[in-house]
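The structure appears below as structure tokens.
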Amino acid sequence: MSLLPGLTDSNQATDLFVDANEVHKLVLKEETEWKVEIPSSSKLTITIRSGIAEIFGTELANDVEYTFSNWKISLSAVENVILEWKCPDIPNKDLMIEPNTTSKYVYNLHFGLEKMRNSSFNGPRILVVGNANSGKTTLCRTLCSYAIKFKSYQPLFINLNPHEGIFSPPGCLTATPISDILDVQSQTWGQSMTSGATELHSKQPIVKNFGLENISENRSLYWDNMNQLSNAVNERLQNDVIVQRSGCILNTPSLSDLDEEFNELVTIIDRFKVNIVVVLAEQDEFTLFEKVKETLRPYIGDFLIRLPKLSGRFEADDAYKRSLQRTAIKEYFYGTPKTILSPYASGADFEEITVWKPINMVEAQGTTSTSNPLQLLPVTVDASTLQHALVAISYADRKSSSSEVQKASILGFGLITEVNEKKRKIRILLPVPGRLPNKAMILTSYRYLE
Ligand SMILES: Nc1ncnc2c1ncn2[C@@H]1O[C@H](COP(=O)(O)OP(=O)(O)OP(=O)(O)O)[C@@H](O)[C@H]1O
């Protein structure tokens, strides 16, 4: 029988006092993983006392305290591990500790890629595909970490999933040479070029701004961005021998976001000259695997591997994914607790700014604007459109035409924190000090309110 509010069951032991600083000891056996969901309002600190443990392929140093917040992570014990952890919101009983059944496949894959790097100047270009929450991003992150662990390789990580903000705010397609260790505490994998000193080496991504939330909202724009990114990537690879030898690791949107015939995967393979495809699918999804295999065989031959979905994965719902997007925006402007950035608030008159937006084809159905899906539409400057909006600042001059702005590269992002219609002024947060550049801006679908 359920109890009335305010009454506790006398049989149930109640924790009248929870010591927030209570340190728990945990022993993890080799080849097991501790799956832990850290609530958004809480912090988990972990200190490895002995043994080798890793998260997303990055090893945690012994006797160093690591802090994690609002995240679903699996800490994998490579050998027997003794650790200490602290978090008032995670009950010490019933911890989720399970065998890591997929790490052996990931190692095998990594050593296969390593062989290819050792034997050719043209490293492997691997495409990871699968359904939502199958562990695609985790596999990419792990392979990047392993690639740089023992040798001075610099794999190019290419993120084609705009839902995820990796080294950038969400809504972007990016390519980032991974030249140094990834920040194990960061959901965005680490910091890109910032306005301050960073704890770890900061990375320099090539960024294309898609700006919408879902690919289906404007497929032509998505593929145009993807083409632009592939041109930049191919150029980079031609001019950088280390990156070329290290190869590329490509993360894709969930298969359900792509076309049913998988022709879009063929386009990605063609544009990025992919030579290995990894499909994350279970035995019972064999028909899915067979279908992908049949479609892709003419393009990559037998270089198509099925791996089971990663055992450490979680089912991540929309609310959680949104919270990760918020974190990515916050980190872009404010940094992390260890590398705090001070964004610069700048003011501008309504007349001093020009804002465009991409067409959302789903909303625009039946209107004339759908005739050219790539064109940008002018945005009326007012609170309803711009308050709390994330905007991409393009390299194109403020007076440039829609097509010039659409083709221009991205200088960075700004966050419009205030729109004062009476005074006809906006306040915008910029990652670097100075006046708002006299450039055209593109409104994204992302909002951030502190
Ligand atoms: N060791 C792990 N392996 C796989 N997933 C993990 C692991 N540890 C934590 N996770 C969590 O599982 C969830 C799903 O993993 P991931 O994001 O890699 O899947 P995905 O296939 O890229 O999903 P999507 O298609 O939605 O982008 C994430 O919330 C991730 O943080």
Side-chain angles (χ1 to χ4, degrees), residues 28 31-40 44 46 53-60 66 68-78 95-107 109-110 126-146 157-166 170-174 182-189 213-216 249-258 264-265 277-282 285 288 292 306-328:
L28 287 180
E31 286 183 28
T32 59
E33 55 193 340
W34 175 27
K35 297 176 75 172
V36 52
E37 294 186 49
I38 310 147
S40 56
L44 166 72
I46 298 178
E54 57 184 39
I55 295 177
F56 302 119
T58 303
E59 190 177 322
L60 276 67
Y66 292 91
F68 304 89
S69 181
N70 182 32
W71 208 1
K72 298 175 196 281
I73 51 172
S74 294
L75 181 128
S76 173
V78 181
L95 296 180
M96 245 198 296
I97 298 169
E98 293 172 5
N100 186 336
T101 53
T102 47
S103 58
K104 52 182 182 283
Y105 302 110
V106 180
Y107 292 141
L109 176 60
H110 161 68
I126 165 170
L127 181 76
V128 180
V129 301
N131 282 326
N133 300 323
S134 51
K136 298 182 294 298
T137 315
T138 303
L139 178 62
C140 291
R141 185 167 175 165
T142 307
L143 292 175
C144 287
S145 289
Y146 288 173
F157 170 66
I158 300 169
N159 181 32
L160 300 178
N161 185 357
H163 288 164
E164 289 175 299
I166 302 176
C172 300
L173 309 189
T174 58
L182 298 172
D183 185 352
V184 72
Q185 297 161 111
S186 169
Q187 295 158 353
T188 57
W189 297 34
E213 294 209 32
N214 297 310
I215 300 175
S216 57
I249 298 171
L250 289 96
N251 184 31
T252 53
S254 139
L255 281 175
S256 57
D257 287 349
L258 300 174
E264 293 175 340
L265 283 181
V277 175
V278 175
V279 185
L280 290 175
E282 294 300 329
E285 291 172 308
L288 169 87
V292 176
R306 182 186 73 82
L307 245 59
K309 291 178 180 174
L310 299 191
S311 58
R313 74 187 188 283
F314 285 80
E315 281 310 312
D317 57 18
D318 267 3
Y320 173 68
K321 287 184 180 172
R322 279 193 182 278
S323 75
L324 294 185
Q325 294 176 343
R326 278 181 55 78
T327 307

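Since the structure is predicted, the reported quantities are computational estimates derived from the model, not experimental observations. In listed order, ligands and their atoms are each counted from 1.
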Worksheet item: What heavy-atom pair brings S134 and L280 nearest, and what distance separates the two atoms?
Response: O-CD1, 3.6 Å
Worksheet item: Closest heavy-atom contact between V184 and F68?
Response: O-CE2, 3.4 Å
Worksheet item: Atoms of ligand 1 less than 4.0 Å from K72 heavy atoms?
Response: 9 (C), 10 (N), 11 (C), 30 (C), 31 (O)
Worksheet, complete the sentence: All heavy atoms of L127 vs all of L265, minimum pair found to be CD2-CD2, 4.2 Å
Discussion item. Judged on heavy-atom distance to atom 3 (N) of ligand 1, which of T138, N159, D317 sits nearest?
Written reply: T138
Discussion item. Evaluate T137 for polar contact with ligand 1, using N/O atom pairs at a separation under 3.5 Å.
Written reply: yes
Worksheet entry | Distance filter under 4.0 Å to L310 heavy atoms, resulting ligand 1 atoms | 3 (N), 4 (C)
Worksheet entry | N or O pair under 3.5 Å between I73 and ligand 1 | no
Worksheet item: Among all protein non-hydrogen atoms, which one is nearest to atom 13 (C) of ligand 1, and what is the separation to 0.1 Å?
Response: F314 O, 3.5 Å
Item to complete: Look only at the side chain of E264 and the backbone of L258, and say whether a donor-acceptor pair between them is shorter than 3.5 Å.
Response: no
Worksheet item: Taking distance alone, with no angle check, do S254 and ligand 1 share an N/O pair under 3.5 Å?
Response: no
Discussion item. Determine whether a donor-acceptor pair (N or O, by modelled atom type, separation under 3.5 Å) exists between the side chain of K72 and the backbone of K35.
Written reply: no
Fill in: Donor-acceptor contact below 3.5 Å, side chain S76 vs main chain E33
no
Worksheet item: Taking only heavy atoms of G135, which atoms of ligand 1 are found under 4.0 Å from at least one of them?
Response: 15 (O), 16 (P), 18 (O), 19 (O), 20 (P), 21 (O)
Discussion item. Check for me whether A132 has a heavy atom closer than 4.0 Å to any atom of ligand 1.
Written reply: yes
Practice prompt. Return the minimal non-hydrogen interatomic distance between P308 and T102, and the atom names on each side.
Written response: CG-CG2, 3.9 Å
Discussion item. Checking contacts here: is it the side chain or the backbone of K321 that comes within 4.0 Å of ligand 1, counting heavy atoms only? Could be both or neither.
Written reply: side chain
Discussion item. Any non-hydrogen side-chain atom of T252 less than 4.5 Å from a side-chain atom of V128?
Written reply: no
Worksheet item: Quick one: nearest non-hydrogen protein atom to atom 23 (O) of ligand 1, plus distance?
Response: N133 N, 3.0 Å
Practice prompt. Identify which of E164, E315, R313 has a heavy atom lying nearest to atom 4 (C) of ligand 1.
Written response: R313
Discussion item. In this structure, does ligand 1 have an atom that sits under 4.0 Å from one of the heavy atoms of N131?
Written reply: yes
Worksheet entry | Least distance between heavy atoms, P162 atom then I215 atom | CG-CG1, 4.2 Å
Practice prompt. Measure the distance from atom 6 (C) of ligand 1 to every protein heavy atom, then report the residue, atom name and distance (to 0.1 Å) of the closest one.
Written response: G312 O, 3.3 Å
Worksheet item: So, does K35 sit close enough to ligand 1 that a heavy atom of it is under 4.0 Å from the ligand?
Response: no
Practice prompt. For F56, counting its heavy atoms only, list the atoms of ligand 1 lying under 4.0 Å from any of them.
Written response: 7 (C), 8 (N), 9 (C), 31 (O)
Practice prompt. Run the numbers for me: atoms of ligand 1, each under 4.0 Å from some heavy atom of K136, listed by number.
Written response: 18 (O), 19 (O), 20 (P), 21 (O), 22 (O), 23 (O), 24 (P), 25 (O)
Discussion item. Is atom 28 (C) of ligand 1 near the protein, in the sense that some protein heavy atom lies at less than 4.0 Å from it?
Written reply: no
Worksheet item: What protein heavy atom sits nearest atom 1 (N) of ligand 1, and how far away is it?
Response: S74 CB, 3.6 Å
Worksheet item: Going by the atom numbers of ligand 1, which of them fall below 4.0 Å from some non-hydrogen atom of N161?
Response: 27 (O)
Discussion item. For a quick check under 3.5 Å, do S311 and E98 share a side-chain donor-acceptor pair by atom type?
Written reply: no
Worksheet item: Thinking salt bridges, do E213 and K321 make one under a 4.0 Å N-O criterion?
Response: no
Worksheet item: Just by distance, do the side chain of Q325 and the backbone of H163 share a donor-acceptor pair under 3.5 Å?
Response: yes
